[in-house]
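Each remark here refers to the structure printed beneath this line.
Letters A, B, ... mirror the listed sequences (proteins, then strands); counts begin at 1. Owing to the predicted nature of the structure, the values given are computational and were not obtained by experimental measurement.
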Amino acid sequence: MNPFASALLAWFDEHGRKDLPWQHPRDAYRVWLSEVMLQQTQVVTVIPYFLRFVATLPTLRDLASAEEDTVLALWSGLGYYRRARFLQRAAQICVDKHDGELPRDFAALAELPGIGRSTAGAILAQAYGLRFPILDGNVKRVLTRHLGIHGHPGQSPVEKVLWQHAEALTPAQRTADYTQAIMDLGATLCVRAKPRCDACPMASDCVAKRDDLTTQLPSAKPTKAVPTRDTVMLILRDAEGRVLLERRGPQGVWSGLWSLPEAGDHDQAWRAAQSMATIDDAQALPSFVHVFSHYRLKVEPLLFDEATARPRIADNSNLRWCAPDERAALGLPAPVRTLLQNL
DNA sequence: AATCCGGGGTT
DNA sequence: AACCCAGGATT
């Protein structure tokens, strides 16, 4: 057996979780139910749901023949309700095609609705003791740290590498214990924040521990590159210090808020400024970036001082000259308010 | 490869 | 508020 599995199993014998509800009695139905409930759901949340579920529907055949409303009621509050429908559909398939039992064959298992590669492996390992790897959030965290694997575990190439390591490290002996052990380690010691490396049996071989990367691994989900847009904001200021504000349209960001007139570039900014006021010169102020959830806005403020309002550009519902003390009562985008305050 | 599903806990 | 959690199905 490889040293990793050996050390992990020795730790498990001493510190592993051995009293989870689905561990006694341990049968394929209960393991399956627990695995599905535990998809993206934490253990402490699952336990009461699991106990209620197996008390009401103790066997796979009970589940297969139950009313769908009953199953959904038992699931109510857990979330991901599609899991409950898949669960019952899979149970019915097992009754129809597999003699009322979960198949011991990986392909047949993974074909059932709601059972993917990891859940199939978990069932085969936990319920039947067969040598199949799992790769859940715990295993991903443990392996990325132990092996120093960078890149977000959700990305295909990273996940592929993780599956290869998970496969290689899973021992042929005590596979059920090993599977439980690596999840226990991830859940109790190799936790996301402040892992307890001092108590970890594999700390001496851990790349993340060695290189002080436990806070870096597993790599965070890449914040998808948000596009950056450019805009020129026109600050037309008259001799009294009033600034021309424009009400934004009903669509898009800052809809309905009072903001500065904008233009695509300095040329357009000049033309726009001249259409609204008599102006002399322009002063480019330091640009800044405002971050939205879906894009970044690079703002280039252009200050036109000593502007004189053109007679035909009078205050109206969408355009107004606004003194500094009037701005407080208006809805202004935060960066615009800041920009004007710092003039 | 990206998105959706979902409530709850953590930071 | 953002991120993560015993992931899988869908597009």
message = Ring-plane angle category for Phe132(A) and Phe106(A), please: parallel below 30°, perpendicular beyond 60°, tilted otherwise.
response = parallel

Short N/O separations, protein against nucleotides 6-8 of chain B, under 3.5 angstrom:
| unit_1 | atom_1 | unit_2 | atom_2 | d |
| --- | --- | --- | --- | --- |
| dG6(B) | OP1 | Tyr81(A) | N | 2.5 |
| dG6(B) | O5' | Tyr80(A) | N | 3.1 |
| dG6(B) | O4' | Tyr80(A) | N | 3.2 |
| dG6(B) | N7 | Tyr80(A) | OH | 3.0 |
| dG6(B) | O6 | Tyr80(A) | OH | 2.4 |
| dG6(B) | N1 | Gln40(A) | O | 3.0 |
| dG6(B) | N2 | Gln40(A) | O | 3.3 |
| dG6(B) | N2 | Thr41(A) | OG1 | 3.1 |
| dG6(B) | N2 | Leu78(A) | O | 3.4 |

key: Salt bridge flag under 4.0 Å for residues Arg131(A) and Glu167(A)   = yes

task = Let me know the distance between CZ of Phe86(A) and P of dG8(C), rounded to the nearest Å.
result = 12 Å

task = First locate atom CD1 of Ile123(A), then atom CD1 of Ile134(A), and finally report the distance between them rounded to the nearest 0.5 Å.
result = 11.5 Å

query = Do the side chain of Thr144(A) and the main chain of Lys140(A) share a donor and acceptor less than 3.5 angstrom apart?
reply = yes

query = Hey, are Asp184(A) and Gln180(A) close enough side-chain-wise for a donor-acceptor pair under 3.5 Å?
reply = yes

task = Output yes when Arg145(A) and Asp211(A) qualify as a salt bridge under the 4.0 Å nitrogen-oxygen rule, no when they do not.
result = no

remark   = Here the residues of residues 122-149 of chain A within 4.0 Å heavy-atom distance, strictly under, of DNA chain C are Asp136(A), Gly137(A), Asn138(A), Arg141(A)

query = Ion pair present between Arg320(A) and Glu326(A), side-chain N to carboxylate O less than 4.0 angstrom?
reply = yes

task = Taking atom P in both dT11(C) and dG6(B), compute the distance separating them and give it to the nearest angstrom.
result = 15 Å

task = Go through dG7(C), dA9(C), dT11(B) for me and flag the one nearest to the Ser118(A) side chain.
result = dG7(C)

request  = Assign Trp22(A) to base, sugar-phosphate, or nothing according to its heavy-atom contacts below 4.0 angstrom with the strands shown.
outcome  = base

